[in-house]
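Sequence lines set the chain letters: A, B, ... in the order given, protein chains first and strands last, and positions in each chain run from 1.
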Amino acid sequence: MHRYRSHTCGALREGDIGKDVRVAGWCHRIRDHGGLLFIDLRDHYGLTQCVADPDSPAFKLAEKLRAEWVVKIDGKLRKRPAGTENPELPTGLVEVFISEIEVLGAAAELPLPVFGDQEYPEETRLQYRFLDLRRERLHANIMNRGAIIDSIRRRMKDGGFFEFQTPILTASSPEGARDYLVPSRIHPGKFYALPQAPQQFKQLIMVAGFDRYFQIAPCFRDEDARADRSPGEFYQLDIEMSFVTQQDVFDAVEPVMRGVFEEFSGDKPVTKKFPMIPYADALRKYGTDKPDLRNPIEMANVTESFRGSGFKIFANMIVGDPKVEVWAIPARKGGNRAFCDRMNSWAQGEGQPGLGYIFWREGEEGGAGPLAKNIGPERTTAIRDRLKLAVGDACFFVAGLPKQFVKFAGPARTKIGEELGLVQKDRFDFCWIVDFPMYEWNEEDKKIDFSHNPFSMPNLPVEEFLALDASDQDKILGLKAIQYDIVCNGVELSSGAIRNHRPEVMKKAFAIAGYGEDVLEKKFGGMLRALQYGAPPHGGIAPGIDRIVMLLCGEENLREVVLFPMNQRAEDLLMGAPSEATPKQLRELHIRLNLPQK
RNA sequence: GGGGGCGUAGCUCAGUUGGUUAGAGCGCUGCCCUGUCACGGCAGAGGUCGCGGGUUCGAGUCCCGUCGCUCCCGCCA
C-alpha cells in the first residue's frame, strides 16, 4: 500500500465497501460522542467520514486529534448503518472504520477556522492565507481561475493566436502609471522598470512579423488599490494582431469572451452580440463610459422642456450658458413621494444641492411634486410622453454642464435602478465602447493632452490628419481615436486600439499634444525606429484576467480570486513584503537611503 | 495626499442617556455521552475595550490626537 493513501477523500463509494483503505488529509470536523467518534477527513478532492469506537486500537489517539491536524488513517470501508447516510456528500453512503491513525502534521490553535463560512478580517485572512485558501469558497475560486485561464488559452490558440513571453525587467515607460523600479548592480544609478503592460513589446512582435500574439501577461503598476484594482501586479490577456481593422479585432475577441463567459457563467445568460456604443452616447445615456446595461434606465436631454419655464433655477441656468443642459433620469415604478424624497436626500449626501423630480400618480396624471407645479402640466406631460412614463413612475433631473454633472448623473442612474429593483442581476451584459476622443483639453495646463494612450491611430484619413493645423482646436478636440473598451456589467474589462503605425502620423500626433520630435525620440525612440522599417497596420486589446475571473466567480473583490494578494497598502503580510534590504545589498546596488523624517 | 466606516476574548460580534464585577456564539482546557455530520450536556480558562492625551466624582461609551484595516476620491495612458 502507498505510504500515504490508497484513495483520496473524494474517491470512496459503495463499490469500495469491504476494502482496506488508507486516506490522508486534514481533520475538517471532529464529533466526539464519548463512545463513538467521527472525523470528517478533508483533502483537495472531498470529504470522507471516518469513525472509531473504543474497540479500535486507534480510539485513544483519535480523541486527541484537533481541527486541521493532518493525519493518515487506515481502516476498512463499510456501509453506513441505515438511516445515517449523508446525501449531501458524494461519499455519504460509506465511512472508514479506523484501525490506525498516524499524525503527519499537528496544528496549533487556529487564528482562522477553516470550517464554516463566517467572514473574517482581511488582515487575518491575508496573514494566514494558507488557511484561508483551504476554505471551500476560496479554494473553488482559485481552481475556477485556473480552468478559466485554460479555456482562454485554448480559445486563443483555436483562433490562430500564439503565446509569447516578453521581458519582466525592462525600461521605464514615461507615460501612464508609476513604474516599479529595479536598481541595476552593473550600471550604477540606472534602473530597470517592471512592465506596466507589454504594450511596446507586443507591437514590436507585430513589426517582427509574427501576426497574431497573445499572452497571459503579468503587469506591474505602482498605483493605489481599489476593490477591483489590485495593488502592484495583475494579469492581462494581452492580444495583438496585424493587418486588421477595428472590426477584425472585435470578431476575434468577442467569441473568446462570450465563449468563456458562457462556459463559466452557470445558467446566467451572456450577451449574444455585443452592441457597439459610441463613447459620447454612453455618457449621454448612462453617465459613464462603463455602463451597466443590466440597468434599463437611459437618460435623455430634456433641456428644451425647461427653457423659459417657470422653474427658474433651471431656466436661468439655461439662459446663462449655452452649454448648460438638463438631463432626465426616468425612474419606472418610483412614483411615490417617499422614494423621491429618499433619492433627494441621497443626492444631498453626495454633495449635490438636491435632486429635482416629478412623479405621476392616480388622479395627478399631470405630474406631482414641486417641480411639476413650477413648469405646468403641458411641459410635464411632454416629458412623460417623451420618456414613455406612466402613472406610478417618476423622473429625476440634473442640470448644469454635462462635463461636470455626469460624475453625479451616472451614480444616480445606478442608485435609482438598484433601489427600484430594475437591475437584472443574473446575467452578463457586454458592450463595446467605441469612438473615444483622441485628445482632451487640459484645463490646468491650458493645453491639449492625449486622452488615452499615445499609440492609438486617429480616426481620420492620414493626409487629413497630417494637414491639421494646431490652431484648429475644435476639430482636434472633436477627433476620435480608433480606441475601444469592453465593458461587462459596469466593469471595464479591457481597453484596446488600432495602433498608430505610421511614424509621420506619430510625430504629428505628439506635436499636437505639444511634444517635439526630441521628446518623442527620447521617450519612444525604440518604437519610433521600429515603425520606420516596415511596420504592418496592427491593433489589439488586453482584457483583465483578474476582473474576468472575479465576475465569473460572483465576487466583488479581486482578493477573492488571487492566490496570494497584497493588501491595500501593497504589502504581502504572509511573506513580509516589502522588506528592508541589507547594507550589503544596498552597497552592491550603489544606493544610499534618504528616508522621510518622522 | 484627501474623505467615510470600522477597531471590545484566539475568531465573529453585542454592550442602553457616561454608572456596580464588560457579555454571547465559535474555538481552547477538563469531565460526561455508541450514529453524528453546525452532535449534545456540565464546568473552566481567556480582556492594558488599538495606542496616547483630555472632559468627568466616574469613560468601552463623550472630545482631541495617533496608529491599523477597509471602502471611496485623487491616481490608474
Looking at A/R221 and B/rC75, is any side-chain donor or acceptor paired with a base atom of the opposite kind under 3.5 Å?
no
Nearest whole Å is fine: how far is B/rC76 C1' from A/L558 CG?
13 Å
Using the P atom as the point on both nucleotides, what is the distance between B/rC28 and B/rC39, in whole Å?
12 Å
A/E63 CD to B/rC39 C1', straight-line distance once rounded to whole Å:
16 Å
Regarding A/K523 and the six-membered ring of A/Y515, is the cationic atom NZ or CZ under 6.0 Å from the ring centre and inside 45° of its axis?
yes
With C1' as the reference atom in both, quote the distance from B/rU20 to B/rG3 in angstrom, rounded to an integer.
41 Å
Distance-only donor-acceptor check, side chains A/Q215 and A/T166, under 3.5 Å:
yes
Between A/R31 (CZ) and B/rG41 (P), how many Å, whole number?
16 Å
Taking only the P atom of each, what is the distance from B/rC62 to B/rG15 in whole angstrom?
12 Å
Centroid under 5.5 Å and tilt under 30°, A/H33 to B/rU34
no
Inter-nucleotide C1' distance (B/rU21, B/rC64), Å rounded:
31 Å
B/rC62 - base-pair partner by Watson-Crick or wobble geometry, distances under 3.5 Å:
B/rG54
Using a heavy-atom cut-off of under 4.0 Å over every strand shown, decide if A/Q199 touches base, sugar-phosphate, or nothing.
base
Atom pair distance, as rounded to whole Å: NZ in A/K290 and C1' in B/rC76
10 Å
NA contact type, A/R78, heavy-atom cut-off 4.0 Å: base, sugar-phosphate, or nothing?
base
Less than 3.5 Å apart, any donor N or O on the side chain of A/N86 or A/Q49 sitting next to an acceptor on the other?
no
I'd like to know if A/K447 pairs up with A/E440 as an ion pair, taking the criterion as any Lys NZ or Arg NE/NH1/NH2 lying under 4.0 Å from an Asp or Glu carboxylate oxygen.
no
Distance criterion of 3.5 Å, no angle test: do you see the side chain of A/R229 paired donor-to-acceptor with the base of B/rC76?
yes
At 4.0 Å (heavy atoms only), tell me whether A/E85 reaches a base, stays on the sugar-phosphate, or touches nothing.
base
Pairing nucleotide - B/rC6, Watson-Crick or G-U, each distance under 3.5 Å
B/rG68
NZ/NE/NH1/NH2 to OD/OE distance under 4.0 Å, A/R137 and A/E555:
yes
Tell me which of A/D40 and A/D224 sits closer to the 5' end of RNA chain B, going by the nucleotide each one is nearest to.
A/D40
Output the single nucleotide from B/rC37, B/rC75, B/rG35 whose closest atom is nearest the side chain of A/N86.
B/rC37
Under a 4.0 Å threshold between the charged nitrogen and the carboxylate oxygen, would A/E240 count as salt-bridged to A/R499?
yes
Which nucleotide, if any, forms a Watson-Crick or G-U wobble pair with B/rC39, using both distances under 3.5 Å?
none
Separation of the P atoms in B/rG53 and B/rC11, to the nearest angstrom
25 Å
A/F38 CZ to B/rG40 P, in whole Å, measures 14 Å
Would you mind reading off the distance between A/F59 atom CZ and B/rU34 atom P, rounded to a whole angstrom?
9 Å
Hey, which of these two, A/T124 or A/R66, hits RNA chain B nearer its 5' end, going by closest nucleotide?
A/T124
In whole Å, measure the gap between the P atoms of B/rA24 and B/rC42 for me.
13 Å
Expressed as a whole number of Å, how far does the C1' atom of B/rC76 sit from that of B/rA59?
44 Å
Tell me if the side-chain of A/Q196 makes a donor-acceptor pair with the base of B/rA77, cut-off 3.5 Å, by modelled atom types.
no
Counting any heavy atom closer than 4.0 Å, what does A/P111 reach on the DNA or RNA strands: base, sugar-phosphate only, or nothing?
sugar-phosphate
Identified pairing partner of B/rG1, criterion: Watson-Crick or G-U wobble below 3.5 Å:
B/rC73
Compute whether any side-chain donor of one residue and acceptor of the other, for A/D485 and A/S495, lie under 3.5 angstrom apart.
yes
With sequence neighbours excluded, what pairs up with A/E517 under the side-chain contact (heavy atoms from CB on, under 4.5 Å) test?
A/K507
Rounded to the nearest Å, what distance is computed from the CD atom of residue A/Q127 to the P atom of nucleotide B/rG68?
15 Å
Do the ring planes of A/W432 and A/F250 sit parallel (below 30°), tilted (30 to 60°) or perpendicular (above 60°)?
parallel
Using a cut-off of less than 4.0 Å, is there contact between a side-chain N or O of A/R29 and OP1 or OP2 of B/rC26?
no
Under 3.5 Å, which protein N or O atoms sit close to an N or O of nucleotides 69-71 of chain B? Give each pair with its distance.
unit_1: B/rC69; atom_1: OP1; unit_2: A/E571; atom_2: OE1; d: 3.2
unit_1: B/rC69; atom_1: OP2; unit_2: A/R569; atom_2: NH1; d: 3.1
unit_1: B/rC71; atom_1: OP1; unit_2: A/N557; atom_2: ND2; d: 2.7
unit_1: B/rC71; atom_1: OP1; unit_2: A/R559; atom_2: NH2; d: 2.9
unit_1: B/rC71; atom_1: OP2; unit_2: A/R559; atom_2: NH2; d: 3.4
unit_1: B/rC71; atom_1: OP2; unit_2: A/Q568; atom_2: NE2; d: 3.4

Taking only the side-chain heavy atoms of A/F115 (C-beta and beyond), determine which of B/rA38, B/rU12, B/rG35 contains the nearest atom.
B/rA38
Nearest whole Å is fine: how far is B/rC32 P from A/L37 CG?
14 Å
Assess the side chains of A/Q196 and A/D179: does a donor N or O sit below 3.5 Å from an acceptor N or O?
yes
Whom does B/rG27 pair with, Watson-Crick or G-U wobble, provided both distances fall under 3.5 Å?
none
Whole-Å P distance, B/rU16 and B/rU61:
11 Å
